[in-house]
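This report concerns only the one structure given below.
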Amino acid sequence: MACLAALAGCAAHAPEPERLSLGGMTPFSIGKPGGTLPGGWQTWTLAKFKKETSYDLVHKDGATVVMARADDSASALLHPLDRVDPRQYRNLAWRWKTEALIRDQDNTRSATEDAPLRLVVRFDGDRSKLDFSERIFAAKVKATTGQELPYATLMYIWARDTPPETVITSRFTERIRMIVADSGVARLGSWQQVRRDLLEDFRRAYGEEPGPITGIGIMTDTDNTGAQAQSWYGDIALDKGRN
């Protein structure tokens with residue numbers, strides 16, 4: 001008990017981890033339920049012909065959070081960042097919640113590549129390293145959406161039955177890798193706090209060093225399965241503290 005008390009005392013006086021401020025993440029919790037999204041957050045349309053997922057600020061379980069509702073739709077919310085160094089700001093933390101899985105979800109197949117919850121991190125890098133097929137794909141994305149495809153994208157997803165920590169390469173492009181952060185029904189219906197070492201996750205997923213972080217987003221999508229999904233996202237933090 002004395003040791004626990006001592007540890008508690010140390011924790012109480014420990015310095016807070018240095019968090020991004022200027023040019024960093026804007027928390028959802030400062031917003032007003034039913035109001036506009038906090039500054040910095042913007043809609044990320046994946047394709048002009050796709051229905052958009054709705055993202056609304058709501059009061060749930062004592063805090064202002066984002067409720068995502070997808071109905072045969074796919075779009076995201078993106079918060080651009082000013083080339084943040086992932087070697088410094090490597091700890092990524094957030095909380096999310098969903099109450100149901102997507103029945104036919106299988107992220108290893110392009111025809112069923114959906115998720116009730118995704119946390120998306122975009123990275124810059126040396127595009128001259130991309131092979132011809134990836135450059136052609138990037139050109140098609142820009143023609144379809146009007147947006148540049150990032151050099152690399154890391155997604156944390158809630159899967160249906162794929163084991164946690166599995167790394168999945170997108171069937172659409174090698175430049176999107178998914179890490180299963182949660183899976184199955186055991187934790188449905190309650191808030192899950194997730195904390196990841198972004199630097200190590202990128203190295204494991206891509207086998208190379210990451211470039212600067214250019215944006216972080218959230219996405220709930222059901223365009224491939226044609227299903228419906230409803231999920232919630234809390235604040236996202238990126239800091240220098242240790243895991």
Side-chain angles (χ1 to χ4, degrees), residues 8 11-12 14 16-17 19-21 24-44 52-79 81 89 91-103 105 107 114-121 154-162 164-165 178-198 201 215-222 225 227-239 241 243:
E16 287 292 321
R19 296 186 181 278
L20 289 174
S21 52
M25 303 294 297
T26 305
F28 297 131
S29 59
I30 69 170
K32 181 180 179 181
T36 58
L37 291 165
W41 289 98
Q42 56 190 243
T43 300
W44 176 19
E52 293 186 6
T53 297
S54 68
Y55 296 96
D56 300 293
L57 289 175
V58 300
H59 185 80
K60 190 171 183 64
D61 302 324
T64 300
V65 299
V66 168
M67 178 175 66
R69 290 177 293 182
D71 182 2
D72 188 19
S73 62
S75 63
L77 290 183
L78 177 69
H79 194 305
L81 293 173
Y89 292 94
N91 283 2
L92 179 62
W94 71 93
R95 64 190 191 107
W96 60 12
K97 173 182 176 178
T98 192
E99 295 181 342
L101 301 178
I102 297 172
R103 185 184 61 189
Q105 177 186 353
N107 296 86
D114 288 332
L117 290 161
R118 298 184 197 251
L119 196 291
V120 182
V121 188
L154 189 63
M155 293 185 178
Y156 297 99
I157 65 171
W158 190 312
R160 182 174 181 81
D161 50 25
T162 306
E165 299 304 324
M178 293 168 275
I179 294 179
V180 178
D182 213 331
S183 180
V185 302
R187 286 170 287 279
L188 291 180
S190 61
W191 284 100
Q192 300 304 310
Q193 184 71 40
V194 187
R195 191 170 183 87
R196 306 292 309 199
D197 185 329
L198 188 56
D201 282 345
I216 291 179
I218 59 174
M219 183 167 71
T220 294
D221 60 306
T222 59
T225 59
Q228 296 180 331
Q230 181 170 281
S231 302
W232 296 265
Y233 298 85
D235 291 344
I236 302 165
L238 193 58
D239 64 57
N243 277 307

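The residues of the chain are indexed from 1 along the displayed sequence. Just so it is clear, the values below take in all heavy atoms, side chains as well, and ignore hydrogens, waters and symmetry mates.
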Do Leu198 and Leu154 come close enough that some side-chain heavy atom pair is under 4.5 Å? yes

Between CG of Leu78 and OG1 of Thr43, what distance do you get to the nearest 0.5 Å? 10.0 Å

Evaluate side chain to side chain donor-acceptor pair (under 3.5 Å) for Thr225 paired with Asp114, printing each intermediate quantity in order. CA-CA 7 Å; Thr225 59; Asp114 288 332; 2.7 Å; yes

Within the distance-only criterion (no hydrogens, no angle test), does the side chain of His79 pair as donor or acceptor with the backbone N or O of Gly215 below 3.5 angstrom? no

Minimum heavy-atom distance Thr222-Ala70, with the two atoms named: OG1-CB, 3.6 Å

What residues form a side-chain hydrogen bond (donor to acceptor under 3.5 Å, both in side chains) with Asp201, not counting sequence neighbours? Tyr156, Arg196

Nearest-0.5 Å distance that lies between atom OG in Ser231 and atom CD1 in Ile102: 7.5 Å

Taking all non-hydrogen atoms of both residues into account, name the closest pair between Ala68 and Thr220 and its distance. CB-OG1, 3.5 Å

Could you tell me which non-hydrogen atom of Ala159 sits nearest to which non-hydrogen atom of Val180, and how far apart they are? CB-CG1, 3.9 Å

Could you go step by step and tell me if Gln230 and Thr98 meet the side chain to side chain contact (heavy atoms under 4.5 Å, CB included) rule? CA-CA 7 Å; Gln230 181 170 281; Thr98 192; over 6 Å; no

Heavy-atom pair with the smallest gap, counting every atom of Pro116 and Ala100: CB-O, 4.2 Å

What residue among Gln192, Gln105, Arg118 forms side-chain contact (heavy atoms from CB on, under 4.5 Å) with Trp158? Gln192

With the side chain counted from C-beta on, respond yes when Leu188 and Leu101 share a heavy-atom pair under 4.5 Å apart, and no when they do not. yes

Residues which pass salt bridge (charged side-chain N to carboxylate O under 4.0 Å, His left out) with Asp56, listed by chain and number, not counting sequence neighbours: Arg69

Residues 58-67, side-chain donor-acceptor partners within the protein, below 3.5 Å, at least two apart:
unit_1: Asp61; atom_1: OD2; unit_2: Lys97; atom_2: NZ; d: 3.2
unit_1: Asp61; atom_1: OD2; unit_2: Trp191; atom_2: NE1; d: 2.7

As an exercise, state the distance from CG of Asn107 to OG1 of Thr162, rounded to the nearest 0.5 Å. 6.0 Å

With a 4.5 Å heavy-atom cut-off, do Leu92 and Leu119 have their side chains touching? yes

Nearest-0.5 Å distance, CG of residue Leu77 to CD1 of residue Ile216: 13.5 Å

Rounded at 0.5 Å granularity, tell me how far CG in Leu117 sits from CH2 in Trp96. 5.5 Å

Quiz question: by atom type and distance under 3.5 Å, do the side chains of Ser73 and Thr53 form a donor-acceptor pair? yes

CG of Asp235 to CE of Met25, rounded to nearest 0.5 Å, is 9.0 Å

Considering all heavy atoms, the nearest Ala76-Ile218 contact: CB-O, 3.1 Å

Do Leu238 and Leu81 have side-chain heavy atoms sitting under 4.5 Å apart? yes

Residue of the set Trp41, Trp94, Tyr55, Trp232 for which ring-ring contact (aromatic ring centres under 6.0 Å, His included) holds with Phe28: Trp41

